[in-house]
Amino acid sequence: MLGAGPIGDMCARIALMRGIRVFVTDPVVERMQRVSAYGAEVIVTDNDTDTVTCVLELTRGRGVDAVIDAVGMEAHGSPVAESMAKLVGFLPDRLSEPIMRTAGVDRLAALHLAMDAVRRGGTVSVVGVYGGPMDPMPLMEMFDKQIQLRMGQANVRHWSDDILALLLEPTDHLGVDSFATHHLPLEDAPAAYHDFREKNDGMVKVLFQP
(Lines give C-alpha, C1' and ligand atoms only; values in the text may rest on other atoms or scores of the structure.)
Protein backbone atom coordinates (compact mmCIF):
# COMPACT_ATOMS: atom_id res chain seq x y z
CA MET A 1 0.00 0.00 0.00
CA LEU A 2 1.48 3.32 -1.06
CA GLY A 3 -0.09 6.08 0.97
CA ALA A 4 -1.92 5.80 4.30
CA GLY A 5 -4.34 8.66 3.96
CA PRO A 6 -8.06 7.93 4.40
CA ILE A 7 -8.29 5.86 1.20
CA GLY A 8 -5.08 3.92 1.74
CA ASP A 9 -5.93 3.37 5.39
CA MET A 10 -9.34 1.91 4.58
CA CYS A 11 -7.92 -0.22 1.76
CA ALA A 12 -5.45 -1.67 4.25
CA ARG A 13 -8.21 -2.40 6.75
CA ILE A 14 -10.33 -4.20 4.16
CA ALA A 15 -7.36 -6.30 3.05
CA LEU A 16 -6.47 -7.18 6.66
CA MET A 17 -10.09 -8.14 7.36
CA ARG A 18 -9.84 -10.57 4.45
CA GLY A 19 -6.70 -12.15 5.90
CA ILE A 20 -4.22 -10.55 3.49
CA ARG A 21 -0.73 -9.58 4.63
CA VAL A 22 -0.37 -5.84 4.14
CA PHE A 23 2.71 -3.63 3.86
CA VAL A 24 2.21 0.14 4.02
CA THR A 25 4.52 3.08 3.47
CA ASP A 26 3.78 6.76 3.98
CA PRO A 27 6.02 9.69 4.98
CA VAL A 28 3.57 10.85 7.68
CA VAL A 29 4.35 9.20 11.02
CA GLU A 30 0.84 9.52 12.46
CA ARG A 31 -0.66 7.74 9.46
CA MET A 32 1.82 4.91 9.75
CA GLN A 33 0.97 4.54 13.43
CA ARG A 34 -2.72 4.24 12.59
CA VAL A 35 -2.33 1.44 10.06
CA SER A 36 0.26 -0.31 12.23
CA ALA A 37 -2.13 -0.35 15.18
CA TYR A 38 -4.68 -2.01 12.94
CA GLY A 39 -2.30 -4.80 11.91
CA ALA A 40 -0.45 -3.59 8.82
CA GLU A 41 3.32 -3.93 8.56
CA VAL A 42 4.84 -0.50 8.01
CA ILE A 43 7.92 0.16 5.89
CA VAL A 44 9.96 3.16 6.98
CA THR A 45 12.76 4.20 4.62
CA ASP A 46 14.36 7.38 3.37
CA ASN A 47 13.91 6.75 -0.35
CA ASP A 48 12.08 4.64 -2.92
CA THR A 49 15.09 2.44 -3.64
CA ASP A 50 15.30 1.38 0.00
CA THR A 51 11.54 0.78 0.03
CA VAL A 52 11.79 -1.63 -2.90
CA THR A 53 14.76 -3.36 -1.27
CA CYS A 54 12.76 -3.79 1.93
CA VAL A 55 9.77 -5.18 0.03
CA LEU A 56 11.96 -7.70 -1.75
CA GLU A 57 13.53 -8.78 1.54
CA LEU A 58 10.11 -9.24 3.14
CA THR A 59 8.89 -11.30 0.19
CA ARG A 60 12.06 -13.38 -0.31
CA GLY A 61 12.95 -11.51 -3.48
CA ARG A 62 9.60 -12.10 -5.15
CA GLY A 63 7.82 -8.78 -4.76
CA VAL A 64 4.27 -8.27 -3.55
CA ASP A 65 1.26 -9.77 -5.32
CA ALA A 66 -0.45 -6.40 -5.68
CA VAL A 67 0.25 -2.75 -5.02
CA ILE A 68 -2.38 -0.09 -4.41
CA ASP A 69 -1.25 3.41 -5.33
CA ALA A 70 -3.33 5.58 -3.01
CA VAL A 71 -1.11 8.61 -3.53
CA GLY A 72 -1.95 9.99 -6.97
CA MET A 73 -1.38 13.60 -7.93
CA GLU A 74 0.95 15.35 -5.51
CA ALA A 75 0.54 18.95 -6.63
CA HIS A 76 1.47 20.23 -3.16
CA GLY A 77 4.84 18.48 -3.47
CA SER A 78 5.89 20.23 -6.67
CA PRO A 79 6.20 24.04 -6.90
CA VAL A 80 5.52 23.97 -10.65
CA ALA A 81 2.50 21.72 -10.26
CA GLU A 82 1.17 23.77 -7.37
CA SER A 83 1.47 27.00 -9.37
CA MET A 84 -0.29 25.37 -12.31
CA ALA A 85 -3.12 24.12 -10.08
CA LYS A 86 -3.60 27.59 -8.58
CA LEU A 87 -3.59 29.22 -12.01
CA VAL A 88 -6.18 26.80 -13.37
CA GLY A 89 -8.36 27.48 -10.33
CA PHE A 90 -8.78 31.11 -11.41
CA LEU A 91 -9.86 30.26 -14.96
CA PRO A 92 -13.41 29.65 -16.24
CA ASP A 93 -14.32 25.99 -16.71
CA ARG A 94 -14.25 26.25 -20.51
CA LEU A 95 -10.58 27.32 -20.30
CA SER A 96 -9.37 25.32 -17.30
CA GLU A 97 -10.60 21.90 -18.48
CA PRO A 98 -8.49 21.71 -21.67
CA ILE A 99 -5.44 22.97 -19.76
CA MET A 100 -5.79 20.23 -17.13
CA ARG A 101 -6.09 17.68 -19.92
CA THR A 102 -2.91 18.81 -21.65
CA ALA A 103 -0.67 20.11 -18.87
CA GLY A 104 1.66 17.55 -17.32
CA VAL A 105 1.48 18.38 -13.62
CA ASP A 106 1.84 14.94 -12.08
CA ARG A 107 4.65 13.39 -10.14
CA LEU A 108 4.83 9.69 -10.86
CA ALA A 109 7.22 8.60 -8.12
CA ALA A 110 4.56 6.53 -6.37
CA LEU A 111 3.40 4.85 -9.57
CA HIS A 112 6.95 3.95 -10.59
CA LEU A 113 7.58 2.63 -7.08
CA ALA A 114 4.50 0.43 -7.43
CA MET A 115 5.88 -1.01 -10.69
CA ASP A 116 9.19 -1.82 -9.01
CA ALA A 117 7.68 -3.40 -5.90
CA VAL A 118 5.08 -5.65 -7.53
CA ARG A 119 6.00 -9.22 -8.49
CA ARG A 120 6.08 -10.52 -12.04
CA GLY A 121 2.51 -10.99 -13.19
CA GLY A 122 1.26 -8.93 -10.27
CA THR A 123 -1.35 -6.17 -10.19
CA VAL A 124 -0.96 -2.44 -9.69
CA SER A 125 -4.22 -0.74 -8.76
CA VAL A 126 -4.33 3.05 -9.06
CA VAL A 127 -6.93 4.63 -6.79
CA GLY A 128 -5.07 7.91 -6.35
CA VAL A 129 -6.23 10.49 -8.89
CA TYR A 130 -3.85 11.69 -11.59
CA GLY A 131 -4.70 14.72 -13.75
CA GLY A 132 -3.29 15.65 -17.13
CA PRO A 133 -1.05 13.48 -19.33
CA MET A 134 1.74 11.68 -17.52
CA ASP A 135 5.42 11.42 -18.13
CA PRO A 136 6.44 8.43 -20.25
CA MET A 137 5.41 5.19 -18.59
CA PRO A 138 7.94 2.35 -18.17
CA LEU A 139 6.19 0.24 -20.81
CA MET A 140 9.17 -2.06 -21.36
CA GLU A 141 9.28 -2.94 -17.68
CA MET A 142 5.51 -3.31 -17.51
CA PHE A 143 5.54 -5.64 -20.51
CA ASP A 144 8.50 -7.66 -19.25
CA LYS A 145 7.02 -8.10 -15.76
CA GLN A 146 3.55 -8.79 -17.20
CA ILE A 147 2.04 -6.22 -14.88
CA GLN A 148 -1.73 -5.91 -14.74
CA LEU A 149 -2.77 -2.27 -14.34
CA ARG A 150 -6.19 -1.45 -12.89
CA MET A 151 -7.63 2.01 -12.39
CA GLY A 152 -10.75 4.09 -12.71
CA GLN A 153 -13.58 5.67 -10.78
CA ALA A 154 -14.95 3.70 -7.84
CA ASN A 155 -17.92 1.54 -8.85
CA VAL A 156 -19.80 2.65 -5.76
CA ARG A 157 -23.25 1.33 -6.63
CA HIS A 158 -21.86 -2.08 -7.52
CA TRP A 159 -20.44 -2.54 -4.02
CA SER A 160 -22.72 -0.39 -1.86
CA ASP A 161 -25.11 -3.22 -0.87
CA ASP A 162 -22.25 -5.46 0.26
CA ILE A 163 -20.56 -2.62 2.13
CA LEU A 164 -23.79 -1.53 3.83
CA ALA A 165 -24.49 -5.08 4.97
CA LEU A 166 -20.99 -5.27 6.46
CA LEU A 167 -21.35 -1.93 8.23
CA LEU A 168 -24.70 -2.91 9.74
CA GLU A 169 -23.24 -5.99 11.43
CA PRO A 170 -22.87 -5.74 15.24
CA THR A 171 -19.07 -5.94 14.95
CA ASP A 172 -17.29 -2.87 13.62
CA HIS A 173 -14.98 -4.89 11.36
CA LEU A 174 -13.34 -1.87 9.72
CA GLY A 175 -13.23 0.47 12.69
CA VAL A 176 -15.46 3.02 11.00
CA ASP A 177 -16.87 4.30 14.30
CA SER A 178 -13.45 5.64 15.24
CA PHE A 179 -12.09 6.24 11.75
CA ALA A 180 -12.44 10.04 11.83
CA THR A 181 -9.51 11.74 13.50
CA HIS A 182 -11.28 15.08 13.88
CA HIS A 183 -14.86 16.16 14.52
CA LEU A 184 -15.32 19.82 13.60
CA PRO A 185 -18.13 22.30 13.01
CA LEU A 186 -18.90 23.00 9.36
CA GLU A 187 -17.65 26.58 9.58
CA ASP A 188 -14.14 25.23 10.27
CA ALA A 189 -14.05 23.48 6.87
CA PRO A 190 -11.66 25.95 5.13
CA ALA A 191 -9.10 25.66 7.93
CA ALA A 192 -9.58 21.88 8.06
CA TYR A 193 -8.88 21.52 4.33
CA HIS A 194 -5.67 23.51 4.83
CA ASP A 195 -4.61 21.36 7.79
CA PHE A 196 -5.36 18.15 5.89
CA ARG A 197 -3.34 19.36 2.91
CA GLU A 198 -0.41 20.25 5.16
CA LYS A 199 -0.86 17.02 7.17
CA ASN A 200 -1.11 18.94 10.44
CA ASP A 201 -2.19 17.56 13.80
CA GLY A 202 -2.41 13.96 12.63
CA MET A 203 -5.43 14.81 10.47
CA VAL A 204 -6.55 11.90 8.29
CA LYS A 205 -10.34 12.07 8.13
CA VAL A 206 -12.63 14.86 9.27
CA LEU A 207 -16.28 14.56 10.19
CA PHE A 208 -18.03 17.92 9.86
CA GLN A 209 -20.99 18.62 12.08
CA PRO A 210 -23.56 21.16 10.76
Side-chain angles (χ1 to χ4, degrees), residues 1-17 20 22-48 50-51 54 67-90 100 105-111 113-114 125-132 151 153-154 156 159-160 163-164 166-167 171-210:
M1 181 71 62
L2 304 181
I7 301 300
D9 188 336
M10 185 54 70
C11 287
R13 296 186 185 206
I14 293 172
L16 289 164
M17 183 193 71
I20 299 171
V22 177
F23 305 120
V24 180
T25 185
D26 191 292
V28 182
V29 175
E30 293 88 352
R31 295 182 176 186
M32 295 282 270
Q33 291 173 340
R34 271 172 60 98
V35 294
S36 176
Y38 215 80
E41 300 175 51
V42 299
I43 297 177
V44 182
T45 62
D46 294 328
N47 57 69
D48 292 349
D50 289 344
T51 299
C54 188
V67 179
I68 295 178
D69 172 6
V71 179
M73 186 163 63
E74 306 170 88
H76 60 280
S78 167
V80 175
E82 184 173 10
S83 298
M84 177 65 72
K86 289 181 178 179
L87 172 63
V88 170
F90 288 111
M100 284 304 293
V105 298
D106 296 324
R107 295 171 58 201
L108 300 180
L111 189 54
L113 174 56
S125 181
V126 183
V127 297
V129 177
Y130 288 92
M151 64 179 68
Q153 297 288 350
V156 177
W159 295 106
S160 58
I163 294 172
L164 183 59
L166 178 66
L167 296 179
T171 302
D172 184 11
H173 299 284
L174 300 176
V176 294
D177 290 341
S178 59
F179 191 74
T181 55
H182 294 70
H183 294 74
L184 301 172
L186 189 58
E187 56 265 27
D188 288 351
Y193 274 104
H194 174 271
D195 287 339
F196 176 79
R197 178 179 178 276
E198 298 299 323
K199 301 177 177 62
N200 294 332
D201 194 28
M203 184 174 289
V204 177
K205 192 68 175 179
V206 180
L207 181 61
F208 292 113
Q209 300 164 330

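Start at 1 with the first residue, then count along the sequence.
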Drop me the distance from L2's CG to T51's OG1, to the nearest 0.5 angstrom. 8.5 Å
Neighbour count >12 (heavy atoms, 6.0 Å) for atom CD, Q209: yes
For residues A15 and V22, report the shortest heavy-atom separation together with the two atoms involved. CB-CG2, 3.6 Å
Closest non-hydrogen contact found for G3 with A70 is O-CB, 4.1 Å
Within the 4.5 Å heavy-atom criterion, are V206 and F196 side-chain neighbours or not? no
Looking at every heavy atom in both V35 and A4, which two are closest together, and how far apart are they? CG1-CB, 4.0 Å
Could you tell me if the side chain of D195 sits less than 4.5 Å from the side chain of D201, heavy atoms only? no
Is the shortest heavy-atom distance from the side chain of Y38 to the side chain of D9 under 4.5 Å? no
What's the spacing between D69 CG and L111 CG if we round to 0.5 Å? 5.5 Å
Kindly compute the distance separating CG (D26) from CZ (R31), expressed to the nearest 0.5 Å. 5.5 Å
Please find the pair of heavy atoms, one from C11 and one from M1, that lie closest to each other, and give the distance. CB-CE, 3.2 Å
Does OH in Y193 sit with more than 12 non-hydrogen atoms of other residues, nucleotides or ligands closer than 6.0 Å? no
Here the gap from M10 atom CE to M17 atom CE, rounded to the nearest 0.5 Å, amounts to 10.0 Å
Is the number of heavy atoms from other residues, nucleotides or ligands under 6.0 Å of I7 CD1 greater than 12? no
Taking atom CD1 of I14 and atom NE2 of H173, what is their separation to the nearest 0.5 Å? 12.5 Å
Can you find a pair of side-chain heavy atoms, one from R34 and one from T181, that are under 4.5 Å apart? yes
For a quick test of reading the model, state the closest non-hydrogen atom pair linking I43 to C54 and the distance between them. CG2-SG, 3.8 Å
Looking at CG of L166 and CG of L174, how far apart are the two atoms once the value is rounded to the nearest 0.5 Å? 5.0 Å
Atom CG of residue position D46 - does it have more than 12 heavy atoms of other residues, nucleotides or ligands inside 6.0 Å? no
For residues P185 and F208, report the shortest heavy-atom separation together with the two atoms involved. O-CD2, 3.8 Å
